[in-house]
Amino acid sequence: MNFDSHVSGTVHAAVALVNAVTPGLRGGRPAATPTGTALVEAVTAAVQVSTHQPLPPVSPASAERLAGWADRLRAVIEHVEAGAVDEACALLNAVLAESHAVPVLARHDGEPWHLHFHRPDAPEAESWAASLATGLAVVLGNEAVDRLGVCRAEACDRVYVDVSRNGTRRFCSTTCQNRVKAAAFRKRRTGSVRV
Ligand SMILES: [Zn+2]
């Protein structure tokens with residue numbers, strides 16, 4: 001899998017944001033949306049995945065707004081997991097429109113010209129939402145759309161993007177992969193005792 005490195009970064013950041021702030025289950029335990037400083041830290045760490053530069057913390061208001069966008073991005077990935085790509089694309093188109101995503105070539109801070117996915121003067125939360133949604137849009141408009149998924153392990157709904165060569169990833173983390181392996185092992189052992 002080789003997307004443009006900036007696009008690839010935004011896809012990973014979208015996954016990181018969804019996993020950091022949407023409520024549900026993480027590796028067998030309940031996952032709640034962080035609040036206050038913890039939310040600011042979680043959102044900042046997630047969006048920083050898209051860049052190799054350290055970023056200043058997002059504002060508390062931006063963190064709240066991005067947690068809202070994250071719920072929508074989760075729904076997009078859940079539709080993909082369910083094979084409902086039409087619904088995923090319709091929902092993501094709505095997110096792109098509402099976050100005013102727009103391609104703009106920019107050059108700043110000594111970097112070469114590169115493509116931004118938001119207006120230079122866009123508010124912080126909106127500009128991140130536009131970038132993360134555009135990253136996901138590149139994946140949804142690609143035959144690699146099934147590289148997005150929701151963890152198949154029991155009691156986990158964290159999401160992932162599979163960048164492995166053979167595309168066989170099914171779990172959000174090695175922790176969940178190992179949980180499933182251990183459960184299968186226990187099941188086999190229990191079965192052999194009965195025989
Ligand atoms: Zn998992």
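Atoms within each ligand, like the ligands themselves, are counted from 1 in listed order. Keep in mind that the numbers below use all heavy atoms, side chains included, and drop hydrogens, waters and symmetry copies.
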Exercise. What residue pairs, at least two apart or across chains, pass side-chain hydrogen bond (donor to acceptor under 3.5 Å, both in side chains) with a residue in residues 98-109?
Worked result: Arg72-Glu98, His100-Glu126, His108-His114, His108-His116

Exercise. Where the side chain of Asp157 meets the backbone of Gly24, is there a donor-acceptor pair that is under 3.5 Å apart?
Worked result: no

For this session: Check for a donor-acceptor pair, side chain of Thr33 on one end and backbone N or O of Val21 on the other, with a separation under 3.5 Å.
Result: yes

Problem set entry | Hydrophobic cluster (4.5 angstrom, side-chain heavy atoms) - remaining members for Phe171 | Val180

Exercise. Cluster partners of Val102, using ILVMFWY side-chain heavy atoms under 4.5 angstrom, listed by chain and number?
Worked result: Val104

Exercise. With a 4.0 Å cut-off, would you call Arg152 and Glu81 a salt bridge?
Worked result: yes

Seminar exercise, completed: Any protein N, O or S atom under 2.8 Å from the Zn ion (ligand 1)? Found Cys151 SG, Cys156 SG, Cys172 SG, Cys176 SG

